[in-house]
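Letters go in sequence order (proteins before strands), and every chain restarts at 1.
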4 protein chains.
Amino acid sequence: MARQRDERKRKQILETSKTLFSHSGFYNTSISQIVKAVDMPVGTIYTYFRSKEDIIKTIVEEGWQELYSQLEEISRSGRADREKLKVLIENIIPSLLQDLDFINILLTEAVVFTRIEEKIEKITDLVFSIIKNISSQSNLSRKYMKTALIVIFLGILSSASLVKTNTTEITIEDIITFVKEITESSLGIKL
Amino acid sequence: MARQRDERKRKQILETSKTLFSHSGFYNTSISQIVKAVDMPVGTIYTYFRSKEDIIKTIVEEGWQELYSQLEEISRSGRADREKLKVLIENIIPSLLQDLDFINILLTEAVVFTRIEEKIEKITDLVFSIIKNISSQSNLSRKYMKTALIVIFLGILSSASLVKTNTTEITIEDIITFVKEITESSLGIKL
Amino acid sequence: MARQRDERKRKQILETSKTLFSHSGFYNTSISQIVKAVDMPVGTIYTYFRSKEDIIKTIVEEGWQELYSQLEEISRSGRADREKLKVLIENIIPSLLQDLDFINILLTEAVVFTRIEEKIEKITDLVFSIIKNISSQSNLSRKYMKTALIVIFLGILSSASLVKTNTTEITIEDIITFVKEITESSLGIKL
Amino acid sequence: MARQRDERKRKQILETSKTLFSHSGFYNTSISQIVKAVDMPVGTIYTYFRSKEDIIKTIVEEGWQELYSQLEEISRSGRADREKLKVLIENIIPSLLQDLDFINILLTEAVVFTRIEEKIEKITDLVFSIIKNISSQSNLSRKYMKTALIVIFLGILSSASLVKTNTTEITIEDIITFVKEITESSLGIKL
DNA sequence: AATGAATGAGGCTTCATTCAT
DNA sequence: CATGAATGAAGCCTCATTCAT
């Protein structure tokens with residue numbers, strides 16, 4: 001019936017499910033496992049969410065919303081583009097890369113349930129609007145820049161997701177450093 | 001003599017499953033769907049594969065093997081590093097990006113079934129060994145280059161997978177162009 | 001409150017399965033047959049038992065428990081040993097031989113699923129502790145008596161199981177008479 | 001098609017299956033396991049036996065035949081009854097108890113496939129015909145003696161089968177000793 | 001309202017036996 | 001004849017969701 005009674009419980013279900021989905025995958029995580037983990041009766045879950053699918057969709061949607069609203073806020077702020085870019089790279093992205101469970105779900109499970117292409121498109125457009133006037137080198141075509149943005153954005157997410165496994169020698173910090181440097185060298189600026 | 005193992009059947013199961021897995025996801029594709037698609041009796045599937053999981057593992061493993069052996073061949077060839085890089089970007093990567101179903105499975109479903117981190121690590125090391133002596137700018141640290149390789153490699157794959165949906169304005173060609181240019185500008189060379 | 005666990009259903013599944021297992025054997029009795037016989041949906045079976053194997057294990061375990069607790073009660077009672085023996089032969093064994101389905105399962109199917117050796121050992125020890133001080137003839141060695149107990153106990157069960165088929169001319173009563181007489185003559189007493 | 005080509009192979013299939021059936025049970029032993037154990041192609045098995053069931057039936061039938069023919073031979077021999085009994089207890093039974101796999105199958109798996117009741121009946125009758133005139137105590141009724149025979153015969157088999165697990169302190173020798181003594185004391189003779 | 005037993009379609013896999021080669 | 005790939009009915013069990021209590 002999806003009434004939002006206790007917001008604390010709702011968040012707990014969401015957080016716990018996120019961890020479980022990220023670790024074992026959506027289909028390998030049963031409602032009964034979630035129920036056990038949050039220590040609530042099955043019925044209660046269905047008081048907050050219409051279905052299991054609704055849970056993962058909500059995780060993705062709310063996680064995405066949070067990221068997007070941060071971006072929008074910066075974008076709409078009166079700051080200089082270069083300043084916006086700095087915040088994006090030094091604050092927003094690092095904060096995003098903190099939530100590896102979310103990224104993991106976004107990249108793997110969410111594909112089936114949400115139209116991430118649209119989300120990526122939307123976010124890329126926003127960043128593009130910040131970037132496009134900064135470049136000192138006007139020889140970069142729009143197409144090239146958009147491609148660069150998408151490849152690098154998705155690359156960052158995937159790499160971060162990979163880092164989680166601790167198999168690679170690189171770290172989240174390395175990734176952020178890379179983003180900063182590639183941005184600076186591509187745009188010919190210094191942040 | 002009894003009937004011989006039919007390699008054609010095996011390949012057909014693999015190809016058909018790849019498509020289905022890529023489109024609907026591993027868990028949303030039932031054995032009975034595969035069976036219907038390949039028009040074989042259920043039992044036959046199980047004479048070629050031990051389990052449903054074995055099918056997806058084989059898809060990933062063999063697909064990866066193909067990619068990796070191409071890379072190794074180039075790597076081992078006596079050509080100049082710059083020449084190798086050219087082949088990588090102009091032949092191997094484009095050919096890899098042709099098989100979007102494979103990439104899609106690799107990025108989403110395979111995570112649960114195979115240790116892709118190791119694969120990425122291995123492939124990145126191989127490319128790194130080609131790249132490391134090319135750069136005219138020795139100021140690029142090893143860490144930076146490895147990070148760059150991982151981010152961009154994964155970025156390419158994810159973007160290509162996204163392109164499949166036809167929602168974005170960019171194309172596979174744009175991605176390849178981007179790779180070429182970023183490589184050239186990063187290493188300060190012209191391929 | 002949701003529905004309460006229905007002990008009646010549990011017992012019904014157990015009883016019905018016992019009959020079916022005894023008649024056709026464990027592997028020749030399918031879950032769907034049980035389901036049909038108890039007229040419940042499949043799922044219900046699995047809310048009461050973890051698996052088909054769990055059902056037969058429970059049948060054996062609970063049946064055994066019942067027998068064993070009767071024995072223990074007598075054993076612990078303050079009565080004279082000869083009195084205990086009388087109860088054993090005139091009440092407990094006849095009551096045990098009443099449940100031929102249970103005996104049949106115990107002797108045939110249960111071997112694979114439970115450690116009956118341990119059960120037999122345990123029960124024999126208990127009976128031995130009652131018997132050992134009764135005998136007027138101390139020339140019976142401990143080893144001999146234990147062997148006698150095991151052979152005769154298992155013999156009774158197997159014979160009873162055989163009687164079920166109505167092929168033999170002997171009956172359950174004959175078996176009980178035999179037990180009584182052999183006991184009396186072996187121990188040199190009159191019950 | 002069950003042609004008996006190579007008797008050696010046939011025996012090998014029978015022996016191997018007997019071991020496997022005894023250890024894991026009939027239904028937990030697949031034809032493919034037998035095939036692996038005897039290192040023959042599946043088809044070959046079906047050259048010697050019509051079906052899996054045919055294998056177990058043959059094991060029981062031939063094993064039983066062997067036992068029965070020994071008994072018949074003794075029975076038909078011109079020896080004195082007491083002499084016959086001696087051979088039965090000192091030779092035939094010990095030899096029977098040697099083949100625990102056979103006994104195990106007889107008691108558990110065979111129940112479903114063969115009419116062991118008839119076999120037990122038949123064998124008991126034969127032994128009874130030897131015994132009936134020996135007894136110095138004519139107070140033993142026919143019913144009593146038949147019951148005793150059945151209970152003790154089945155008890156011996158079951159106990160022997162139990163001994164296989166090495167959990168009990170008694171041994172095959174103890175069982176044989178017991179049989180001898182109980183026979184002697186029941187019939188009031190000395191073998 | 002809160003609970004968790006009940007539901008049953010549908011999933012994956014096995015395996016004795018056949019029969020094309 | 002010898003072989004072992006092919007077959008497909010049937011087995012066991014899961015699990016998201018509902019709804020009686």
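The distance between atom CG of A:N28 and atom C1' of F:dT14, rounded to the nearest whole Å, is 12 Å. Computed from coordinates, the B:I13 CD1 to F:dA5 P distance equals 13 Å when rounded to whole Å. Taking atom CD of C:Q4 as the reference point, atom C1' of F:dC19 lies 15 Å away to the nearest angstrom. Per the geometry, CG belonging to C:D6 stands 17 Å off C1' belonging to F:dC19, to the nearest Å. When the P atom of F:dG11 is taken as reference, atom CZ of C:F26 falls 13 Å away, rounded to whole Å. Nucleotide E:dT17 holds its P atom 18 Å from the CZ atom of B:R3, rounded to whole Å. Between the OH atom of B:Y27 and the C1' atom of F:dA16 there is a distance of 16 Å, given to the nearest Å.
A:K9 forms no cation-pi arrangement with A:Y48, by the criterion of a distance under 6.0 Å to the ring centre and an angle within 45° of the ring axis.
Within the 4.0 angstrom heavy-atom criterion, base atoms lie near B:I31.
Salt bridge annotation for A:K122-A:E117: absent, with no cationic side-chain nitrogen under 4.0 angstrom from a carboxylate oxygen. We find that B:E15 and B:R10 are not joined by a salt bridge, their nearest charged nitrogen and carboxylate oxygen being 4.0 Å or further apart.
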Only pairs under 3.5 Å count here: list side-chain donor-acceptor contacts from residues 103-110 of chain C, not counting sequence neighbours, and write none if there are none.
from   : atom 1 : to     : atom 2 : distance (Å)
C:N104 : OD1    : C:S161 : OG     : 3.1
C:N104 : ND2    : C:S22  : O      : 2.9
C:N104 : ND2    : C:S22  : OG     : 3.2
C:T108 : OG1    : C:N104 : O      : 2.8
C:E109 : OE1    : C:F26  : N      : 3.4

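When both pairing distances are held under 3.5 Å, E:dA20 makes a Watson-Crick or G-U pair with F:dT3. E:dA1 is unpaired under the Watson-Crick or G-U wobble criterion, no partner having all donor-acceptor distances under 3.5 Å.
For the segment residues 33-60 of chain B, the set of residues with a heavy atom within less than 4.0 Å of an atom of DNA chain E comprises B:V42, B:Y46, B:S51, B:K52, in numerical order.
Judged as a side chain to side chain donor-acceptor pair (under 3.5 Å), and not counting sequence neighbours, the contacts of A:E53 are A:K57.
Contact between the side-chain N/O atoms of B:K9 and the OP1/OP2 oxygens of F:dA6 is found at a separation under 4.0 Å.
No more than 12 heavy atoms of other residues, nucleotides or ligands shown are found within 6.0 angstrom of CD on C:E66.
Here the shortest heavy-atom pairing between B:F49 and B:D54 reads CA-OD2, 3.6 Å.
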